[in-house]
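Everything on this sheet refers to the single structure shown next.
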Amino acid sequence: MKDEIRFQLQALMDGELSAEDADRLRRQLQSNSHWQQLYDQLAIQRRWEQTVPERQFRMPCRPEFFCQGVMDRLERPEQATEASGPRGSEARFNWKRLFSRLPYAVGVLVALAIVWFNRPVQIMNPVGLKTVSNPMGMIQEPSHAIESRQANSGLISFRSQVERVSVVWVSPD
Amino acid sequence: MSDPSQLASETSWADPRGDSELVAQAQAGCKDAFEVLVHRYASRVYHRAYAMLRDEDLAFDMAQMAWIKAWQRLEQFAGQSLFSTWMTRVTINVCLDYLRKSKRWRFDQSLEAMQEIDSHAEGKLPVVDVDPLERLELEEKQALVDQALKSLSDEHRSVILMHTYEHMTYKEIADTMECSIGTVMSRLYYARKRMAILLGPLIEGKLLEK
């Protein structure tokens with residue numbers, strides 16, 4: 001059976017056909033048992049639909065709270081305007097909102113870039129002592145400090161708090 | 001099945017003025033009159049929103065939205081129908097608008113695609129208790145119907161609600177859903193078919209033809 005026939009039978013049952021179309025279809029029904037069977041089934045279901053009333057859903061809060069919310073939104077035009085673009089607009093891409101937030105996004109990206117390029121890295125100097133620097137080339141406070149210096153003997157000792165070692169440097173001079 | 005607390009709340013807001021008088025005052029800009037209408041039909045509006053969306057928070061939000069829309073469009077209400085009917089239609093429109101804009105709505109469904117979805121979904125439908133209809137109390141019957149409605153797609157559920165409970169004609173449903181009458185007929189047929197499969201044992205054991 002074609003869908004068109006099914007829909008026509010349903011429309012007949014729902015009283016949606018013109019008198020002329022309804023009469024024509026009723027005549028056809030009498031001569032077609034298959035159609036008549038479907039029509040009877042649809043009619044049973046329709047009677048059943050009409051017999052059982054719809055379940056009622058109660059508000060999760062007292063109606064006063066709901067009403068107050070409505071009136072508050074009406075009092076504040078900006079909220080009422082938001083209401084005209086409901087949560088359903090989430091699904092729609094909002095270019096205006098994007099452009100209004102673009103400067104903030106750029107700022108965040110710049111800040112992240114600065115943090116990234118200033119992250120501390122350790123590089124080795126020619127004498128094997130670690131110097132703290134960063135990818136932008138700015139030398140930072142060394143992690144090692146001169147512990148003592150003896151000018152007459154040419155000895156300099158370093159202590160690194162990070163590495164927890166002491167290095168004694170003997171000057172070739 | 002009115003909730004006593006809500007009923008008490010509504011009666012406490014009982015106002016001797018009729019809807020038409022309140023609407024006229026609200027159309028003139030009186031928010032107090034509008035507030036009485038909100039109190040009077042808040043539960044009904046929420047009920048319709050929840051019945052369509054099946055999400056408590058969303059229904060609450062959309063119900064409030066419906067009242068705001070109603071306030072904004074109140075001058076369009078010409079009194080040709082009851083205010084409660086008009087308000088229900090506004091609620092349905094707001095909910096459909098949400099569904100249309102969200103990913104939940106598949107507007108590009110062809111009739112064939114809908115049939116295919118139906119045939120695939122049938123195998124996944126929940127099994128409904130098979131107690132005879134006569135033995136079930138009203139609440140149980142309602143719960144079963146509700147369970148079946150809940151399992152329908154948004155568009156199928158919407159068309160059933162509008163036709164069965166809001167008594168809207170095919171033309172009115174088509175206008176509201178922004179689709180053709182043929183699409184309404186198709187959606188209604190397949191929604192009923194699905195309901196018949198879900199509630200088959202209850203509907204005198206007679207299923208629609210497969």
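The chains referred to below are lettered A, B, ... by the order of the sequence lines, with proteins before strands, and numbering in each begins at 1.
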Give a yes or no on whether A:Q36 atom CD has more than 12 heavy-atom contacts from other residues, nucleotides or ligands under 6.0 Å away.
yes
For residues A:G69 and B:Q64, report the shortest heavy-atom separation together with the two atoms involved.
CA-NE2, 3.5 Å
Taking the side chain as every heavy atom from C-beta outward, state whether B:H163 and A:R46 have any pair of such atoms under 4.5 Å apart.
yes
Would you say B:K31 has more than 12 foreign heavy atoms packed within less than 6.0 Å of its NZ?
yes
Interatomic distance, CZ@A:R62 vs OG@B:S43, rounded to 0.5 Å, equals 10.5 Å
With the side chain counted from C-beta on, respond yes when A:Q10 and B:R192 share a heavy-atom pair under 4.5 Å apart, and no when they do not.
yes
Please look at B:A49 and chain A and tell me whether the side chain, the backbone, both or neither of the residue comes under 4.5 angstrom of a heavy atom of that chain.
neither
Qualifying residues under side chain to side chain contact (heavy atoms under 4.5 Å, CB included), relative to A:F65, sequence neighbours excluded:
A:C61, B:F60
Please state whether the side chain, the backbone, both or neither of B:I181 comes within less than 4.5 Å of a heavy atom of chain A.
neither
For B:F34, enumerate each residue passing the ring pair (Phe, Tyr, Trp, His ring centres under 6.0 Å) test, keeping only those at least two apart in sequence or located in another chain.
B:W67, B:W71
Report yes or no: do B:H47 and A:E54 form a side-chain donor-acceptor pair below 3.5 Å?
yes
Report the distance from atom CD of A:Q8 to atom CE of B:M185, rounding to the nearest 0.5 Å.
5.0 Å
If you define the side chain from C-beta out and look only at heavy atoms, does anything of B:Y190 sit under 4.5 Å from A:D3?
yes
Proximity breakdown for B:V38 and chain A, heavy-atom pairs closer than 4.5 Å:
both
Value for CG (A:L9) from OH (B:Y189), rounded to nearest 0.5 Å, stands at 8.5 Å
Side chain from CB out, backbone as N, CA, C, O: work out which of these in B:T164 comes under 4.5 Å of a heavy atom of chain A, or both, or neither.
side chain
Ordered numerically, the heavy-atom neighbours of chain B under 4.5 Å found in residues 14-29 of chain A are A:D14, A:E16
A:Q56 side chain near B:Q142 side chain, heavy-atom distance below 4.5 Å
no
What is the minimum heavy-atom distance between A:P53 and B:Y165, and which atoms define it?
C-CE2, 4.4 Å
Sequence-distant partners of B:D146, side chain to side chain contact (heavy atoms under 4.5 Å, CB included), two or more places apart:
A:R55, A:F57, B:R54
Nearest 0.5 Å please: distance from the CZ atom of B:R44 over to the CE atom of A:M59.
12.5 Å
Write down the atom of B:Y170, the atom of A:A11, and the distance for their closest heavy-atom approach.
OH-CA, 3.5 Å
Residue from A:Q37, A:M71, A:Q50 scoring the most non-hydrogen pairs under 4.5 Å with chain B is A:M71
